[in-house]
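A short write-up of the structure that comes next.
We name chains A, B, ... by the order of the sequence lines, and we start the count at 1 in each one.
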There are 2 protein chains.
Amino acid sequence: MDPAIDVQAKLEAHGVNPTPQRLEIGALLLRQPVHLSADQILQQLRAAGSAVSKATVYNTLRLFTAHGLVREVAVDPGRAIYDSTTVPHHHFYNADTGELTDIDAGAVGLPGIPSLPAGTRAESVEVIVRLRSR
Amino acid sequence: MDPAIDVQAKLEAHGVNPTPQRLEIGALLLRQPVHLSADQILQQLRAAGSAVSKATVYNTLRLFTAHGLVREVAVDPGRAIYDSTTVPHHHFYNADTGELTDIDAGAVGLPGIPSLPAGTRAESVEVIVRLRSR
DNA sequence: TTCTATGCAAAGACTTTGCATGCTG
DNA sequence: CAGCATGCAAAGTCTTTGCATAGAA
């Protein structure tokens with residue numbers, strides 16, 4: 001059972017055409033829970049000898065996000081982090097190391113979100129606990 | 001009681017030298033609770049006839065943040081929003097309009113943040129409720 | 001062959017850096 | 001006069017766009 005099959009099936013299940021570049025990027029993101037920036041993905045591709053362009057990495061990440069294969073995490077204005085865990089959950093963010101750690105949604109109670117502004121619906125509730133190394 | 005005095009006093013209380021440019025930027029940010037991006041601040045300065053450069057706006061915002069006069073809110077990777085309310089609180093973020101609204105910290109219960117990773121201390125806990133227009 | 005989808009070079013947006021200028025002791 | 005603080009032009013960094021290419025009908 002070639003693990004590449006998993007990635008291909010996952011792309012197809014989400015309506016994404018499995019091109020070679022998307023399979024390469026998907027292999028890095030979709031086989032295990034990871035938090036990666038676009039640049040980290042590009043580094044890993046280069047290290048593995050791949051020649052996928054930077055623009056294609058960005059476009060692919062945008063496509064994956066639009067199709068629900070990954071989630072964008074906003075912790076640092078200035079670079080997006082992509083999270084391959086798509087079920088609702090929260091994050092520790094260590095501002096000193098840049099390290100991002102998952103917090104299970106069940107571990108955080110969230111009673112009493114106030115009523116939403118008129119004409120809107122809630123799309124997600126995200127808790128970020130910012131840390132500093134001690 | 002010239003309101004400009006307020007801004008000057010506030011800068012001095014936080015150890016920031018009140019230069020003309022900083023007073024101009026402070027007047028936009030520090031007199032009332034606002035959420036502004038660097039670009040919005042630049043627009044407002046230009047509209048008021050000011051000639052402060054873009055770089056100075058960015059540098060000043062960084063300085064204000066370092067001295068606790070404003071807080072950076074990470075909602076959109078790609079542009080920072082500066083919040084003149086520095087006491088702990090949370091946010092609604094309308095991804096369609098870009099609008100950011102405060103949620104009082106008392107309105108959201110947050111029982112059970114799991115124990116922190118070893119060697120770290122929590123700096124802040126931020127809840128972001130993402131909205132879409134309906 | 002025409003039409004659509006794909007991938008990347010080049011362009012754009014946002015932010016930081018390095019240095020010229022002017023002020024302080 | 002030496003040294004430091006300040007503000008901005010220019011140089012990054014990160015991301016998106018537009019078009020050439022390749023593939024499908």
If you assign G78(B) and P20(B) each to the DNA chain D nucleotide with the nearest heavy atom, which residue ends up on the more 5' nucleotide?
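Nearer the 5' end of the strand: P20(B).
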
Between T60(B) and A55(A), which residue's closest nucleotide on DNA chain D lies nearer the 5′ terminus?
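Closest to the 5' end, via its nearest nucleotide, is T60(B).
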
Give the first and the last nucleotide of DNA chain C, reading 5' to 3', that has any atom under 4.0 Å from a heavy atom of chain B.
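Extent of the interface on DNA chain C: dC14(C) to dT17(C).
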
Whole-Å distance separating the [atom1] atom of [X] from the [atom2] atom of [N]:
X: I25(B); N: dT6(D); atom1: CD1; atom2: P; value: 13 Å
X: D76(A); N: dT15(D); atom1: CG; atom2: C1'; value: 14 Å
X: L42(A); N: dT13(D); atom1: CG; atom2: C1'; value: 13 Å
X: L63(A); N: dT15(D); atom1: CG; atom2: P; value: 17 Å
X: H67(B); N: dA5(D); atom1: NE2; atom2: P; value: 11 Å
X: Q21(B); N: dA5(D); atom1: CD; atom2: P; value: 17 Å
X: R79(A); N: dT13(D); atom1: CZ; atom2: P; value: 14 Å
X: K54(B); N: dT13(D); atom1: NZ; atom2: P; value: 18 Å

Sub-3.5 Å donor-acceptor pair from the side chain of T56(B) to the main-chain atoms of V52(B), do we have one?
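The answer is no, because no donor-acceptor pair under 3.5 Å joins these two groups.
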
Sugar-phosphate, base or nothing in reach of N17(B), heavy atoms under 4.0 Å:
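Sugar-phosphate, no base atom in range.
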
Does T19(A) reach a base, just sugar-phosphate, or nothing at all? Heavy atoms under 4.0 Å.
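Sugar-phosphate, no base atom in range.
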
Verify side chain to side chain donor-acceptor pair (under 3.5 Å) between D83(A) and H91(A), making sure each step is shown before the conclusion.
CA-CA 11 Å; D83(A) 186 345; H91(A) 292 104; 2.8 Å; yes

Checking side chain to side chain contact (heavy atoms under 4.5 Å, CB included) for the pair L29(A)/L61(A): CA distance, chi angles, key distance, verdict?
CA-CA 10 Å; L29(A) 274 172; L61(A) 289 171; 3.6 Å; yes

Distance only, no hydrogens: is a donor on one side chain within 3.5 Å (strictly under) of an acceptor on the other, for S50(A) and E24(A)?
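Result is yes, a qualifying pair exists.
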
Side-chain donor-acceptor pair present, D104(A), H89(A), cut-off under 3.5 Å:
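Absent: no donor and acceptor within the cut-off.
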
R132(B) and D96(B) ion-paired at < 4.0 Å:
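Salt bridge present between R132(B) and D96(B).
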
Apply side chain to side chain contact (heavy atoms under 4.5 Å, CB included) to L28(B) and V34(B), showing your working.
CA-CA 8 Å; L28(B) 298 177; V34(B) 289; over 6 Å; no

Between dT16(D), dG7(D), dT15(D), which nucleotide has the shortest distance from any of its atoms to the side chain of R22(B)?
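Looking only at side-chain atoms, R22(B) lies closest to dG7(D).
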
4.5 Å side-chain heavy-atom contact, D6(B) and L30(B):
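With C-beta onward as the side chain, the pair stays apart.
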
How does protein contact run along nucleotides 20-25 of chain D, one letter per nucleotide 5' to 3', with B for base contact, S for sugar-phosphate only, - for none, heavy atoms under 4.0 Å?
------

